[in-house]
S.K.: 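Have a look at the structure that comes next, please.
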Amino acid sequence: MRGAMACSQRIPCPGDVPPPLCSEAARRATPPRDGARLCQARPVKSFRCRVCGNALTFENSVCVSCHTPLGFSRAEAEIVPVDENGRYLDADERAWHVCRNLNLSGCTWLAPVEGGQCSACDLTRVRPNDADAKGLSQYPVAERAKRWLLVDLDRLGFPVVGKAEDPEQGLCFDLLSSVAENVTIGHADGVITIDLAESDDAYRVRVQKQLGEPYRTMLGHFRHEVGHYFEWILVEGTERLTEARALFGDETADYQAEIDRHYSEGPPADWPERYISTYATMHPYEDFAETWAHYLHITDTVETAATYGLSRGADVSASVPFRELVTDTWMPLATALNMVNRSMGKDDLYPFLLPDPVLDKLDFIASLRGEGTGDGSAAVDQSSR
């Protein structure tokens, strides 16, 4: 468990029009956004401008070559040109519009309603107040990581359902400023809380060194916390729970007691033989979430490397054991990328070892693709990092 060194102001979004992001009544009254539940089977790592053919990046809102305004179509998993009014007509002649939060958070995704917000922004329940200049300056970094996470999940076929559609088991994000109160990163009942202070590189590196972590990024936080969410949805209350307990341990173990033990005694001496990180040793919930995060790290990086010709193509959606992709493709690639980083005087890109028990856990995570929804009744607050 970690509190922010600065303070946090948990203030709902100001009264923009349409209704604020934080309004529970507004969220429940808002119909589900088209494209909120997608299963893209291909990577979306390489884009080209449809007007001039220039290479684009995921964050581009304008083509730097021909200056065409752009938007990201979640339904097509493509960057598409929009007109001077920010409008795009899809193949069915349906109009889409650039998200109203373009200038607030840099969101380029398309929304179904003019002046409305996209399906990604719909998932943000709380953001910094307009009077919080520091929080607002940190906010776009978190939103960018969240959008990347959603593309990960869409690509791999994991369902993303918001609280507007499912108030009990849907997903939402509280992206909180730490200007006026402490913020603890964590997950509880489908609500993922992120401390926006982690957007600051100097702050994040300082905390990383204090905790002795080999890796700490904003995207990593999102991937870890959404692992808690999907364990709650896809494992707890389902027939997969027994298998999960055999791999990760009994998730009903007292969470606070395990936190206290971890920070007083440290990890077991043989942790590198069974876990992916020291943090994973703290509690079965954390072991699952850490493994889930690495599953997303690996699949995303393998597909990116293949797209740009740095590695042979590998189908992360193949039904073969995931460990084969790890041993045959990921491990050689990670070693090469680590050497490239060292050649530039940088730390290793992927400073982790993957023993056999971790490969078994990764196989389990990969097998959850396409699973149904459990009842999640056993879920507890998993506040982490």
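Positions are given from 1 along the sequence.
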S.K.: Without swapping roles, check the side chain of His187 against the backbone of Gly190 for a donor-acceptor pair under 3.5 Å.
M.R.: yes
S.K.: When the ring planes of Tyr285 and His283 are compared, do they come out parallel, tilted or perpendicular, using 30° and 60° as the limits?
M.R.: parallel
S.K.: Using a 6.0 Å cut-off, check whether atom CD of Glu273 has over 12 heavy atoms from anything other than its own residue.
M.R.: no
S.K.: If you draw a 6.0 Å radius around CG in Asp347, do more than 12 non-hydrogen atoms from other residues or ligands fall strictly inside?
M.R.: no
S.K.: If you count every heavy atom of other residues, nucleotides or ligands that lies below 6.0 Å from Arg240 atom CZ, does the total exceed 12?
M.R.: yes
S.K.: Could you identify which residues cluster with Trp271, counting Ile, Leu, Val, Met, Phe, Trp and Tyr as linked when any side-chain heavy atoms lie under 4.5 Å apart, either directly or through a chain of such contacts?
M.R.: Tyr275
S.K.: Do the side chains of Leu353 and Leu349 join up, straight or via other hydrophobic residues, at under 4.5 Å, putting them in one cluster?
M.R.: no
S.K.: Determine whether Val226 and Phe158 make a side-chain contact, defined as any pair of heavy atoms from C-beta on separated by less than 4.5 Å.
M.R.: no
S.K.: Applying ring pair (Phe, Tyr, Trp, His ring centres under 6.0 Å) between Phe72 and each of Trp96, Trp148, Trp109, Tyr88, report the one that passes.
M.R.: Trp109
S.K.: For a 4.5 angstrom cut-off between non-hydrogen side-chain atoms, does Arg74 reach Leu110?
M.R.: no
S.K.: To the nearest 0.5 angstrom, please state how far the CG atom of Leu337 sits from the OG1 atom of Thr301.
M.R.: 8.0 Å
S.K.: Looking at CG of Leu136 and CG of Leu104, how far apart are the two atoms once the value is rounded to the nearest 0.5 Å?
M.R.: 6.5 Å
S.K.: Would you call the rings of His228 and His224 parallel, tilted or perpendicular if under 30° counts as parallel and over 60° as perpendicular?
M.R.: perpendicular
S.K.: State, with a plain yes or no, whether a side-chain heavy atom of Ile79 is found less than 4.5 Å away from one of Thr108.
M.R.: no
S.K.: Evaluate the criterion side-chain contact (heavy atoms from CB on, under 4.5 Å) for residue pair Leu362 and Arg323; output intermediate values, then yes/no.
M.R.: CA-CA 7 Å; Leu362 287 167; Arg323 65 166 54 227; over 6 Å; no
S.K.: Is it the case that Arg127 and Ser105 place a side-chain donor and acceptor less than 3.5 Å from each other?
M.R.: no
S.K.: Please find out if less than 6.0 Å separates the ring center of His297 from that of Tyr350.
M.R.: no
S.K.: Let me confirm one number: the OG1-NE2 distance from Thr299 to His294, rounded to the nearest 0.5 Å.
M.R.: 12.0 Å
S.K.: Closer than 3.5 angstrom, by distance alone: can the side chain of Arg100 be matched with the main-chain N or O of Gly116 as a donor-acceptor pair?
M.R.: no
S.K.: Can you say whether the rings of Trp292 and Phe230 are parallel (under 30°), tilted (30 to 60°) or perpendicular (over 60°)?
M.R.: parallel
S.K.: Run Arg94 and Asp90 through salt bridge (Lys or Arg N to Asp or Glu O under 4.0 Å) and show every step you take.
M.R.: CA-CA 5 Å; Arg94 181 176 182 182; Asp90 64 20; 5.5 Å; no
